[in-house]
Amino acid sequence: MAEISQGGGEGKKKGGKVRSKKTSTRIDMTPMVDLAFLLLTFFVMTTTLNKPQTMEITMPEKIDENTDVPKVNEREVLTLVLGPKDKVYWYTGITDPKIELTNFSPSGVRKVLLSKKAEIPKLVVLIKAMDEARYKNMVDILDEMNINTIQRYALVDITSTDKDLIKESNL
Amino acid sequence: MGKRGTPTIDMTPMVDLAFLLVTFFMLTATAIPDEPVAVDTPSSISEIKIPENNVMTITISKEGKVFFNMDGQQNRAELLQKMAAIYGGVEFTPEETHAFAIMSSIGVPFGNLKQVLDMKPEDRKAAAADFPGVPVDSLNNELANWVLQARLTNPKLRIAIKGDRDAEYPVVKKVIDTMIDKRVNRFNLITNMEKGS
């Protein structure tokens with residue numbers, strides 16, 4: 001332990017005069033230091049240093065019969081269906097689509113999105129999640145939209161037609 | 001002087017530094033809020049931080065249970081009164097109101113809330129794993145009322161959804177649909193940092 005108190009109280013060696021003994025003003029600071037570091041450790045450990053990230057999403061207003069739904073050319077539509085076990089089915093267009101299978105790896109859905117984006121200037125991506133999909137898949141696909149700077153995309157309900165198409169494709 | 005002095009160190013600067021740091025951490029500290037369930041959030045590249053206060057958090061657990069939470073003790077007490085007025089017949093004592101103001105997420109149907117509030121905090125924590133979650137079914141959508149009343153209580157509220165990565169999509173969809181139904185179109189999904197894929 002470091003010792004701090006010293007000095008004072010040695011006056012009588014020098015000279016014969018008896019001086020009033022100077023009481024030391026030094027205090028042993030060790031316990032205080034202990035306490036200070038204990039508190040320091042406590043606060044360092046309980047502080048949440050990294051606040052969680054958030055992803056902001058804006059959903060469209062609820063639509064009723066009176067709302068004008070924007071119409072898009074079906075050739076500009078890319079549909080991504082989030083399936084079970086991290087599978088992603090995708091097709092372009094609406095009439096007689098050809099379903100293909102990909103995944104969430106960088107060479108999977110990102111490649112599809114980039115090539116489609118280059119091919120179709122006014123690309124609209126429809127994201128449909130099957131009931132077997134997980135929350136992670138949804139966040140991942142929204143993340144891909146941000147990564148690939150796709151401006152126009154929407155989360156929409158899956159239709160029974162989509163389900164049938166996927167079942168038929170056997171992928 | 002020739003005398004061999006004891007090797008002493010002046011500790012004053014170290015103490016100064018230690019207390020400076022203690023003061024800093026004390027002032028910036030916000031205790032980690034205790035969660036009713038462990039939630040493993042998915043990762044994203046987004047770098048927007050969640051705001052400090054005025055946040056309403058909707059937690060979706062792995063099993064598909066939904067929990068509701070809001071900050072601000074004053075607002076919570078007010079919220080409880082409003083909810084009690086909607087689901088008439090439940091009276092809350094001042095003690096229960098206080099317990100509600102300081103507790104964490106709500107994970108029980110409103111009818112069972114009184115019972116949960118009467119528990120001791122330790123017992124409540126132990127029972128949290130068995131909480132059924134706030135009902136979100138279309139027949140009895142209590143989450144919708146919580147959200148609506150919370151926003152009436154505190155109009156500045158931001159809404160954050162904290163879902164487990166393995167939560168099933170239908171539950172998430174139900175929560176999101178509830179939001180849209182209550183005209184909440186903008187909300188935040190809590191994620192953590194992408195750990196290089």
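Because only heavy atoms are used, hydrogens play no part in the values below, and waters and symmetry mates are left out as well, while side chains stay in. A quick note: this is a predicted structure, and the numbers were derived from the prediction, not measured.
With respect to chain B, the highest number of heavy-atom pairs below 4.5 Å among A/Met138, A/Glu144, A/Met130 belongs to A/Met138.
Using a cut-off of 4.0 Å between Lys/Arg side-chain N and Asp/Glu carboxylate O, A/Asp86 and A/Lys136 are scored as not salt-bridged.
Contact annotation for B/Ile60: neither backbone nor side-chain heavy atoms come within less than 4.5 Å of a heavy atom of chain A. Of the two parts of A/Leu82, neither the backbone nor the side chain holds a non-hydrogen atom closer than 4.5 Å to a non-hydrogen atom of chain B. Heavy atoms of B/Asp177 lying under 4.5 Å from chain A are absent altogether. Residue A/Leu35 does not touch chain B at all, counting heavy-atom pairs closer than 4.5 Å. Contact of B/Ala160 with chain A is not made at all, since no heavy-atom distance falls under 4.5 Å.
When atom types are taken as modelled, the side chain of A/Asn137 and the backbone of A/Arg134 share a donor-acceptor pair closer than 3.5 angstrom.
Between B/Glu142 and B/Val108, the shortest heavy-atom contact is OE1-O, 4.3 Å.
Side-chain contact of B/Asn69 with B/Arg76: a donor-acceptor pair under 3.5 Å is present, judged by distance alone.
For the atom pair B/Ile159 CD1 and B/Arg151 CZ, the distance stands at 5.0 Å (nearest 0.5 Å).
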